[in-house]
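Keep in mind that what you see is a predicted model, and the values were worked out from it rather than measured.
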Amino acid sequence: MTEKLTGAAGREYVANAIRQALRAGDLVPGQRLVELDLAEVYGTTRGAVREALQDLAAEEIVEIVPRRGARIRAVSVEEAVQITECRSALEQLCARKAAGRASDEQRAELRRIGADMRQAVADGAWDAYSALNQRLHELVIEASGQEVARRQLERLNGPMVRFQFRLALRPGRPAQSLPQHLAIIDAVAGADPEAAARAVAAHLDDVIEQLRASATGGVGASRLTGVGPMFRYTA
């Protein structure tokens, strides 16, 4: 019998697994999180799951409803816009700092990401493009050395997965965002702090426009297929 994770290790493992499931679009707003099911899926004790859900509730990713249990918290479009406005301020700071202090290796990786993003759009490889997009933003933050901003951005991005996932599904969205991402790469890799900040601001201003447009149209609601090992749902 496989020993179950417990204590701090189990708590951290479950919390990180749920965050990853959110980033992958495998969990949706309003979805119930049943302690016993999660313990079985992740190989932990129910106590570790319960503590992880408390941590995620403090991050506003999960809400715990008395006598009804835990569920993924829903975020309104207006809240999503406000989150993105805060994210923009922090990511502009990180882009400025990254442009000035990134290592040669980090600048080279940024350029490789740009080339791979171009190829992914040309090939229609949307999953690859999405992964590259995430890595780009992570690398700029890493290169900035701004740990306080990194922690705040992690907290802000958790509740935003629903909107990021829906925007990624919009026809033509990768081709639209590609030049915005390339502008960020060119500025950071080219050691131009102000251009880097402007490129990030322009990109996230466009995200805000897309979020507001999603309030009146776009990708339809999702239908749950139930809780399973990957928490998948169909659009």
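Applying side-chain contact (heavy atoms from CB on, under 4.5 Å) to Glu91 and the options His137, His203, Arg96, Gln146 leaves one that passes, His137. With Leu136 as the fixed residue, the side-chain contact (heavy atoms from CB on, under 4.5 Å) test singles out one of Val188, Leu182, Leu110, Asp116: Leu110. Paired with Leu211 under the rule side-chain contact (heavy atoms from CB on, under 4.5 Å), one option of Thr84, Ile83, Asp206 passes, and it is Thr84.
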Inset, instruction - Would you please test Arg212 and Glu209 for salt bridge (Lys or Arg N to Asp or Glu O under 4.0 Å) and show each step? - result: CA-CA 5 Å; Arg212 287 182 169 136; Glu209 288 184 16; over 6 Å; no
Inset, instruction - Go through the steps for Glu35 and Arg46 under the test salt bridge (Lys or Arg N to Asp or Glu O under 4.0 Å), then give the verdict. - result: CA-CA 6 Å; Glu35 288 181 8; Arg46 289 187 67 176; 3.5 Å; yes
Legend entry - Derivation and outcome, side chain to side chain contact (heavy atoms under 4.5 Å, CB included), residues Arg19 and Leu56: CA-CA 9 Å; Arg19 292 188 194 100; Leu56 294 172; 3.9 Å; yes
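With a 4.5 Å cut-off on side-chain heavy atoms, Arg150 and Glu138 do not count as touching. Using a 4.5 Å heavy-atom cutoff, the side chains of Leu53 and Ile18 are in contact. Proximity of Val62 to Ile72: side-chain heavy atoms (C-beta onward) are separated by under 4.5 Å at one or more points. Proximity of Arg198 to Gln92: side-chain heavy atoms (C-beta onward) are nowhere separated by under 4.5 Å. Here the side chains of Glu142 and Arg135 are in contact, with some heavy-atom distance below 4.5 Å. In this structure, the side chains of Arg151 and Glu147 come closer than 4.5 Å at one or more pairs of heavy atoms. Put simply, the side chain of Ser76 reaches to within 4.5 Å of the side chain of Glu79, judged on heavy atoms.
Remark: side-chain polar atoms of Gln152 are not paired, donor with acceptor, to backbone N or O of Ala149 under 3.5 angstrom. Looking only at distances, a side-chain donor or acceptor of Arg111 sits under 3.5 Å from a matching main-chain atom of Ala189. Between the Tyr129 side chain and the Leu178 main chain, a donor and an acceptor come within less than 3.5 Å of each other. Between the side chain of Arg73 and the backbone N or O of Pro29 there is no donor-acceptor pair closer than 3.5 Å. Side chain of Arg11 to backbone of Val49: no donor-acceptor contact under 3.5 angstrom is found.
Across Gln106 and Ala143, no two heavy atoms sit closer than the pair OE1-CB, 3.5 Å. Contact record, Ala48 with Gly7: CB-O, 4.4 Å, taken as the closest heavy-atom pair. Nearest heavy atom pair, residue Leu153 against residue Cys94, reads CD1-SG, 4.4 Å. Considering every non-hydrogen atom in both Tyr13 and Tyr42, the closest pair reads CE2-O, 3.4 Å.
Atom CD1 of Ile184 and atom OG of Ser177 lie 9.5 Å apart (nearest 0.5 Å). Atom CG in Leu27 sits 10.5 Å away from atom CD in Gln20 (nearest 0.5 Å). Atom CG in Leu156 sits 9.0 Å away from atom CZ in Arg87 (nearest 0.5 Å). Within the model, atoms CD of Glu85 and CD1 of Ile208 stand 4.5 Å from one another, a figure rounded to the nearest 0.5 Å. The CD1 atom of Ile64 sits 11.5 Å away from the CZ atom of Arg71 when rounded to the nearest 0.5 Å. A distance of 13.5 Å separates CG in Leu33 from CZ in Arg50, rounded to the nearest 0.5 Å.
A donor-acceptor contact under 3.5 angstrom links the side chains of Gln119 and Asp123, judged on distance only. Side-chain contact, Gln134 with Ser130: no donor N or O sits under 3.5 Å from an acceptor N or O.
Side-chain heavy atoms closer than 4.5 Å link hydrophobic residues (I, L, V, M, F, W, Y) into clusters, and following such links, even through other members, never connects Leu93 to Val200.
By the 6.0 Å contact criterion, CD on Glu12 is open, its count of non-hydrogen atoms from other residues, nucleotides or ligands being 12 or less.
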